Protein chains: 2
Amino acid sequence: MSTASAARREIPEATVARLPVYLRALRALSARGVDVVSSEELAEAAGVRSAGLRKDLSHLGSYGVRGVGYDVARLSDEISRELGLHHDWSVAIIGMGNLGHALAAYSGFATRGFQVRWLIDEDPAIVGTEIAGLKVITFADLEKHEPDSIIAVIATPPEAAQTAADQAIALGVRSILNFAPGVLAVPPGVEVRKVDLATELQILAFHEQRGKYEQRGELEPGGKYEQEVVR
Amino acid sequence: MSTASAARREIPEATVARLPVYLRALRALSARGVDVVSSEELAEAAGVRSAGLRKDLSHLGSYGVRGVGYDVARLSDEISRELGLHHDWSVAIIGMGNLGHALAAYSGFATRGFQVRWLIDEDPAIVGTEIAGLKVITFADLEKHEPDSIIAVIATPPEAAQTAADQAIALGVRSILNFAPGVLAVPPGVEVRKVDLATELQILAFHEQRGKYEQRGELEPGGKYEQEVVR
DNA sequence: CGATGTGAACAAATTCACAGCA
DNA sequence: TGCTGTGAATTTGTTCACATCG
């Protein structure tokens, strides 16, 4: 109740999940010199329907102009604020195997308000080495730095994921992006999102097996097709 | 009606997305020597509610025994069948940068019916080199092999993703897992799933900023907490 | 006029609660 | 008795269609 950015309108979870997509589309438009965009155009760029886009944006407030559209810069800013991208976020990557390595070097993080600041591993052979310009440290080392407001990215082998999560949480981490397969048990107040590669492939396999669209074969070889993004 | 696994009941998308999770939990139980499990226990292991689990499984048919539970081996098998994990799937990874590299070496793929068989890149400096025991080839080379029934994993830089998708689709690929940020335009009949790291972090940032659970501070330091997985 | 913003209709997913069966 | 399987109730999300306003 005390904080200024307090309980505003409740924003539906499904909407929150799409805001980053809109933000990216807006950035791309901005880069192309567009500064006003209609819901129709933005929806196209983001791969959603225009009515849905308008409803999503309506949860943030009224930032469009009727008969005109949305100001790209303004809308970007509002969405950024809503997502909490004003201050930069510190990211700690835990587990410096193949995936951790790649994530440490992945520029997609840095480009949008997320700075990878710590690389954690417990393997003595890896601790102390330098990856992508950062020294690999242990949890004990991390403790010395600000413990709060870090997002932890878990890229350990599956067996080590729960322990890694426990240690991160003990240091005050409340947001975890988990690349390790399996379910993490965390206390209330800690949010986990997971990225599970095998699961994604299995979902694709399911649809491919079922010929989801019944449209076996023939895919209109030449020609430009309408944008059609499946979920 | 001829094939046993014929066009059965429609399975809700949300259910499909959870089947791989159940499958993994079942495998873990099996490895621990458990061969019968209740919906309560399996739900716990999978991080869902038992009622939801039962409803999900009911879409596959009646494979449980009232008063007893589910046979672990049987249920694993049924879910595997449903997901199309009987025959192995071939995966082609496109774009051999950091991420492509890591994905090529990632054992999590191989362990579940997905065999990474081709690594694609167009950079002459990379083509021909060997990564994780596979030679990097071009799209032109790929064409010589079976074009159908491949799942393409796009790990290119964002600018190259659409072209990569177009080329893969031209070769007959109908399932794409896209790691590049941005929206892919694909014809009907092609399914795209995307994994967007920056988006995931932004969603976490949103919730952290809002102190989703209002439960600022105090996280019950010691003690074992109930399992509480947020989405 | 033309595009936004939104109530109302619809659809999908989740949760409840309990009948029914091993 | 104890669990599954499932209708019914509820919640959440999407689509429609149009009044509204710059």
Side-chain angles (χ1 to χ4, degrees), chain A residues 8-19 21-22 25-26 29 34-72 74-76 78-79 82 203 206-207 212 228-231, chain B residues 8-19 21-22 25-26 29 34-72 74-76 78-79 82 203 206-207 212 228-231:
Chain A
R8 203 148 9 148
R9 284 162 294 282
E10 215 44 52
I11 297 187
E13 194 51 39
T15 295
V16 172
R18 282 184 296 259
L19 291 179
V21 180
Y22 302 154
L26 286 166
L29 287 167
V34 179
D35 25 55
V36 175
V37 70
S38 70
S39 64
E40 199 64 56
E41 296 162 323
L42 182 54
E44 157 94 19
V48 302
R49 310 280 183 123
S50 62
L53 170 65
R54 290 200 301 278
K55 176 137 284 183
D56 281 343
L57 295 184
S58 76
H59 293 295
L60 310 190
S62 252
Y63 300 124
V65 180
R66 289 171 199 244
V68 178
Y70 300 89
D71 181 275
V72 172
R74 172 85 191 287
L75 190 53
S76 290
E78 293 299 342
I79 295 177
E82 203 61 59
I203 295 170
F206 172 86
H207 290 307
K212 187 180 183 185
E228 152 80 7
V229 178
V230 181
R231 185 69 61 115
Chain B
R8 211 149 4 151
R9 290 160 292 282
E10 216 43 52
I11 298 187
E13 193 52 37
T15 296
V16 172
R18 281 185 296 260
L19 291 180
V21 179
Y22 302 154
L26 285 167
L29 287 167
V34 179
D35 31 50
V36 175
V37 70
S38 69
S39 64
E40 199 64 56
E41 297 162 323
L42 182 54
E44 156 95 19
V48 301
R49 311 280 183 123
S50 63
L53 170 66
R54 289 200 302 277
K55 177 136 285 185
D56 281 343
L57 295 184
S58 76
H59 293 295
L60 311 190
S62 252
Y63 299 125
V65 179
R66 289 168 199 246
V68 179
Y70 300 90
D71 182 275
V72 171
R74 173 86 191 287
L75 189 53
S76 290
E78 294 298 342
I79 294 178
E82 203 61 59
I203 295 170
F206 171 87
H207 291 306
K212 187 180 183 185
E228 152 78 7
V229 178
V230 181
R231 181 74 58 118

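Order of the sequence lines sets the chain letters (A, B, ...), proteins ahead of strands, with each chain counted from 1. Treat the numbers as computed from the prediction; the structure is a model and nothing was measured.
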- [ ] Please report, rounded to the nearest Å, how far the P atom of D:dG2 is from the CD atom of B:E40.
- [x] 14 Å
TODO: Mind listing the closest non-hydrogen atom pair of B:E10 and B:H59 along with its distance?
DONE: O-ND1, 4.5 Å
Task: B:L53 side chain reached by B:Y22 side chain, heavy atoms, under 4.5 Å - done: yes
TODO: In whole angstrom, give the distance that lies between atom CD of A:E44 and atom C1' of C:dA3.
DONE: 17 Å
- [ ] Report yes if a side-chain nitrogen or oxygen of B:S38 is closer than 4.0 Å to either non-bridging phosphate oxygen (OP1 or OP2) of D:dC3; otherwise report no.
- [x] no
TODO: Rounded to the nearest angstrom, tell me the gap between atom CZ in B:R66 and atom P in D:dT4.
DONE: 10 Å
TODO: Let me know the distance between CG of A:L57 and P of C:dT4, rounded to the nearest Å.
DONE: 9 Å
Open item on the list: Whole angstroms only, please: what is the CG-C1' distance between B:L75 and D:dT4?
Closed with: 12 Å
Open item on the list: At less than 4.0 Å, is any side-chain N or O atom of B:Y70 found next to OP1 or OP2 of C:dA22? Yes or no.
Closed with: no
Task: Protein-nucleotide distance (B:I11, atom CD1; C:dA13, atom P), rounded to Å - done: 12 Å
- [ ] Test A:R54 against A:Y70 for side chain to side chain contact (heavy atoms under 4.5 Å, CB included), laying out the working first.
- [x] CA-CA 10 Å; A:R54 290 200 301 278; A:Y70 300 89; 3.8 Å; yes
TODO: Using the test side chain to side chain contact (heavy atoms under 4.5 Å, CB included), find all partners of A:S76 that sit at least two apart in sequence or belong to another chain.
DONE: A:L23, A:L26, A:V72
Task: Rounded distance (Å) that lies between atom P of D:dG13 and atom CD of A:E10 - done: 11 Å
Task: Nearest non-hydrogen partners of B:A25 and B:L42, listed with the distance - done: CB-CD1, 3.8 Å
TODO: May I have the distance from A:L42 (atom CG) to C:dG5 (atom C1'), rounded to whole angstrom?
DONE: 15 Å
- [ ] Indicate whether OP1 or OP2 belonging to C:dA3 is found under 4.0 Å from a side-chain N or O atom of A:S39.
- [x] no
Polar atom pairs between nucleotides 14-18 of chain D and protein, under 3.5 Å, N or O only, would you list them?
residue, atom, partner, partner atom, Å
D:dT14, OP1, A:R18, NH1, 2.9
D:dT14, OP2, A:R18, NH1, 3.3
D:dT14, OP2, A:R18, NH2, 2.8
D:dT15, O4, A:K55, NZ, 3.3

TODO: List the atom of B:F206, the atom of A:E82, and the distance in Å for their closest heavy-atom pair.
DONE: CD1-O, 3.1 Å
Task: Heavy-atom check, side chain of A:K55 versus side chain of A:R49, under 4.5 Å - done: no
